[in-house]
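Predicted model only: the values in this text are computed from it and were never measured. Keep in mind that the numbers below use all heavy atoms, side chains included, and drop hydrogens, waters and symmetry copies.
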Amino acid sequence: MKKAPAKGCYGYRDHRKKIQLLEIAAGVGAILLQLAIRSAVSQESVKNVLTIMAILSVLPTANVAAPFLAALPYRTPDRKFYDQVKPLEEKFPVLCDLIITTRETVIPMDVIIVHPSGIYCCCSSKKIKIQKAEEGLNALLKAHRNIPHLKIIADEKAFFRRASSLKAVSNWNENQELSYAVHLLKNLSM
């Protein structure tokens, strides 16, 4: 059986959408089943209980549907893109396929490099207002331990040029600041 991609790994977006779609289908199925049973039952007290159960089943279904709908337009980049990213994973922490949310916007990050000199993100979505997204994310990061400046790069070629100019980070697994930044970015994502 194929292992599910973890948050921050290539393929996470598409995998998560499939799981959310199954959860939504199960929730809708449970609601419809409860309403169908309600219409078949003659006792008024049982009908009331089934109505309340159906209403309460809507809440968890809606909690899954909201992030699903927000992430629906954003797909995992093609495999060719990831093949360019893979060599970077040996040099520094790299996160792929995250969708980071702020109060103002939803930002699909195709790849994020966490480096001592800053956090460099590739976002290929044309709908994102880069400057506003950077300001919002930098404010969030500054509130958490004053993490290095975050830069969003929309052009893939410019992103890979910037990534190739960065020096490799030795023992980045042991660097607490980088580990904290990686953990924080994963927590900020859907």
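- Taking the six-membered ring for Trp and the full ring otherwise, the centers of Phe81 and Phe159 sit at least 6.0 Å from each other.
- The shortest side-chain heavy-atom distance between Leu21 and Phe68 falls under the 4.5 Å cut-off.
- Using a 4.5 Å heavy-atom cutoff, the side chains of Cys96 and Tyr12 are not in contact.
- Using a 3.5 Å distance cut-off with no hydrogens or angles, the side chains of Gln34 and Ser57 do pair a donor with an acceptor.
- The only option from Lys167, Arg162, Arg161 that meets the side chain to side chain donor-acceptor pair (under 3.5 Å) definition with Ser165 turns out to be Arg162.
- Taking Ser189 as the reference, nothing meets the side-chain hydrogen bond (donor to acceptor under 3.5 Å, both in side chains) condition, with sequence neighbours excluded.
- Taking 4.5 Å as the limit, some side-chain heavy atom of Val94 sits within range of a side-chain heavy atom of Val111.
- In this structure, Lys7 NZ and Arg16 CZ are separated by 8.0 Å, a value rounded to the nearest 0.5 Å.
- For the atom pair CG of Leu137 and OG1 of Thr105, the computed distance is 9.0 Å after rounding to the nearest 0.5 Å.
- Note: Leu88 CG to Tyr120 OH = 13.5 Å, rounded to the nearest 0.5 Å.
- The main-chain N or O of Leu95 is never found under 3.5 Å from a side-chain atom of Lys186 such that the two would form a donor-acceptor pair.
- Closest approach of Ile107 to Cys123, counting heavy atoms only: CG2-SG, 4.2 Å.
- Between the CD atom in Glu135 and the NZ atom in Lys132 there is a gap of 9.0 Å [rounded to 0.5 Å].
- Formation of a donor-acceptor pair under 3.5 Å by the Tyr10 side chain with backbone atoms of Pro77 is found in this model.
- Minimum heavy-atom separation, Ala36 to Ser39: O-OG, 2.7 Å.
- Rounded to the nearest 0.5 Å, atoms CG (Leu33) and CG (Leu50) are 9.0 Å apart.
- Side-chain atoms of Asn138 and Lys142, non-hydrogen and from C-beta on, never get closer than 4.5 Å to each other.
- Electrostatic pairing of Asp110 and Arg13 counts as a salt bridge here, judged by a charged N lying under 4.0 Å from a carboxylate O.
- Cluster annotation: Ile24 is connected to Leu32 through the hydrophobic network of ILVMFWY side chains, with a link wherever side-chain heavy atoms come within less than 4.5 Å.
- Hydrophobic cluster membership is shared by Ile130 and Leu188, with clusters built from Ile, Leu, Val, Met, Phe, Trp and Tyr side chains linked at under 4.5 angstrom.
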task = Kindly determine whether Val41 and Arg38 satisfy side-chain contact (heavy atoms from CB on, under 4.5 Å), including the steps that lead there.
result = CA-CA 5 Å; Val41 172; Arg38 182 193 181 283; 6.0 Å; no
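- Contact of the Ile112 side chain with the Cys121 side chain is registered, since non-hydrogen atoms from C-beta on lie closer than 4.5 Å.
- Val58 pairs with exactly one of Asn63, Ile31, Val28 by the side-chain contact (heavy atoms from CB on, under 4.5 Å) rule, that one being Ile31.
- In summary, of the residues considered (Asp97, Ile152, Ile119), a side-chain contact (heavy atoms from CB on, under 4.5 Å) with Met109 occurs for Ile152 alone.
- We find the OG-NE2 distance between Ser117 and His149 to be 10.5 Å, quoted to the nearest 0.5 Å.
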